[in-house]
There are 2 protein chains.
Amino acid sequence: MSQQTEQAYLASYNIKDYDTCLTTVDSVLFTVLNGELYTLLVRRANHPYLAYWGLPGGFIDVQRDVDLTACANRHLAEKTGIIPPYLEQVCSTGSKTRDPRGWSTTVTYYALMAHIQCTTDIDSVDDVQWLPATQALQMELAFDHKQMIEQALERLKQKALYSLVPVYALPETFTLSELQQLHEVILGKSIQSKSFRRRIELANVLEETGELSTQKGKGKRPALYRVKTGAADYRFMRNLEH
Amino acid sequence: MSQQTEQAYLASYNIKDYDTCLTTVDSVLFTVLNGELYTLLVRRANHPYLAYWGLPGGFIDVQRDVDLTACANRHLAEKTGIIPPYLEQVCSTGSKTRDPRGWSTTVTYYALMAHIQCTTDIDSVDDVQWLPATQALQMELAFDHKQMIEQALERLKQKALYSLVPVYALPETFTLSELQQLHEVILGKSIQSKSFRRRIELANVLEETGELSTQKGKGKRPALYRVKTGAADYRFMRNLEH
DNA sequence: GCAATAGTGTCTTTCAGACAGTATTAA
DNA sequence: TTAATACTGTCTGAAAGACACTATTGC
């Protein structure tokens, strides 16, 4: 083989001559609704695990997908109608046994988006649904998708300790209390609001819109904020307690 | 398709009926020698990138590899003769263009090991070599392996800020000065030895062997340490300055 | 003795936790 | 006014940085 030119090698190369493995991309899409963390599940229309709920995702389309991120976004867009504002690769899982069709590898991403942006699309179909993450984790899901949700949650938890990444699960404008409550839900513990606000001021990745929330309710009307670009990359030097 | 039973579907399923993509596992193996960080490169014996230096790794063997980690370890063992004591998945990279044979995905790992454990095996062959990481990054490597080394280094750098993971690049017993010097090389900056030692004491993941180093040289003879099990999982709450 | 390396004592600085206090709103 | 929510002031405490100090070795 090494006697050939590279051109001749490539001309004669056919992937189907080899025992190869399945490769898929699956995403755990999170959002926040009523102070709870939700995740998007889709009902499988094909074997294997026909009719089971699982993660949005699937095979790489070697014609249409230019890379893994594009593949993740395509599958998410097919389900939600939009490209989520935050997408991060979690890890890859591959083994001989995770898929009955054969050796299979999946690249897991997690994504964050505002719930309102896609709620109408999803409510109109019955094979896609938002479920509270805790509830999703109690279901029997397709493949090892339950572990993948757990891994994504674990990653999101770490990020909540030293970054403001969870902000991408909120709508375009939000209050600091909403953001704090989201971090608290992700971490499963309460945070001192003074500490939280101090960190946000230090990070300088959010900006006040100048407006106050129009939500009716008792108490002082909170200021509205939006994220500055690059907020996802900010990293605090110290973690919150855990 | 959804009319069939799962059994019938699986019986008729043949991966070669579909356009699929290549999947490989590559590892960036680091070690420390004379206070410098080295990485292991292998010379390719096949097309594409014939005779280029690149990372140890390759295709998943659907018969022999049970999962991705096993695949990474197998390829590393083929080159070094041993299974490295630390192996961590970095990320996956996949695109239409990264391999001339077609759509290709690679799962990148990085591994740490003591140099001495495998030096004789490697010195006896001419298609494997340890190179200073800085030097490897200046070469023209196969595929996108240069970026993969950069990503692995970046991950290792983060770990050096909040963990003692780099210790796995040292021999079984080592001095705290050696460990500190390694962290300094990875981070590219000096560390206050008082801070470093305080953190180590707090972490409680190293233990004194009771011996002193037998290395001849000026100055006080340093105490020898070894890692306790579970040291890889310890995470400091605060980062070192960067 | 000196130079070099290992290791310690301790003061300063930074920033999270705790929690009481003030501000603004609806009823 | 009261209750609720938003937000601030300020003290404490934990741990990193700075750096001078002591300890042990080879020459």
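Note that these values count all heavy atoms, side chains included, but never hydrogens, waters or copies made by symmetry. Proteins come first, then strands; the chains are lettered A, B, ... in the order of their sequence lines, and each starts at number 1.
For the pair Arg197(B) CZ and dG9(C) C1', the computed distance is 14 Å after rounding to whole Å. Taking atom CD of Gln181(A) as the reference point, atom C1' of dA4(D) lies 15 Å away to the nearest angstrom. One interatomic measurement links the two molecules: CD of Glu178(A) to C1' of dA6(D), which rounds to 12 Å at whole-angstrom precision. Separating the CG atom of Leu176(B) from the P atom of dT5(C) is a distance of 16 Å, rounded to the nearest angstrom. Summarising the geometry, the separation between CD1 on Ile200(A) and P on dA6(D) is reported as 13 Å, rounded to the nearest angstrom. Spacing between atom CD of Glu208(A) and atom P of dA6(D) amounts to 14 Å, rounded to whole angstrom units.
Screening residues 82-94 of chain B for side-chain hydrogen bond (donor to acceptor under 3.5 Å, both in side chains), with sequence neighbours left out, gives Ser92(A)-Ser92(B), Tyr86(B)-Glu88(B), Glu88(B)-Tyr110(B), Glu88(B)-Arg155(B), Gln89(B)-Tyr109(B). Residue pairs meeting the side-chain hydrogen bond (donor to acceptor under 3.5 Å, both in side chains) criterion with at least one member in residues 217-234 of chain B, sequence neighbours excluded, are Asn204(B)-Lys228(B), Glu207(B)-Arg226(B).
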Just by protein heavy atoms under 4.0 Å, how would nucleotides 20-27 of chain D read 5' to 3' in B, S and -?
---BBBB-
Nucleic acid footprint by protein, nucleotides 13-20 of chain C - heavy-atom cut-off 4.0 Å, B for base, S for sugar-phosphate alone:
-BBBBBB-
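Minimum interatomic distance between Pro166(A) and Leu182(A) (heavy atoms only, all atoms of both residues): O-CD2, 3.1 Å.
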Using residues 28-42 of chain B as the side-chain source, report each donor-acceptor pair under 3.5 Å to any protein atom, sequence neighbours left out, with the distance given to one decimal.
unit_1	atom_1	unit_2	atom_2	d
Thr31(B)	OG1	Met113(B)	O	2.4
Thr31(B)	OG1	His115(B)	N	2.8
Thr39(B)	OG1	Leu29(B)	O	3.2

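For Arg235(B) and Tyr162(B), the positive end sits near the middle of the six-membered ring, less than 6.0 Å away and at most 45° from its axis.
Between the side chains of Thr23(A) and Thr23(B), a donor-acceptor pair is found at a separation under 3.5 Å. In the model, Gln180(B) has a side-chain atom that pairs as donor or acceptor with a side-chain atom of Glu184(B) under 3.5 Å.
Scored by the salt bridge (Lys or Arg N to Asp or Glu O under 4.0 Å) test, Arg197(B) finds no partners at all (sequence neighbours excluded).
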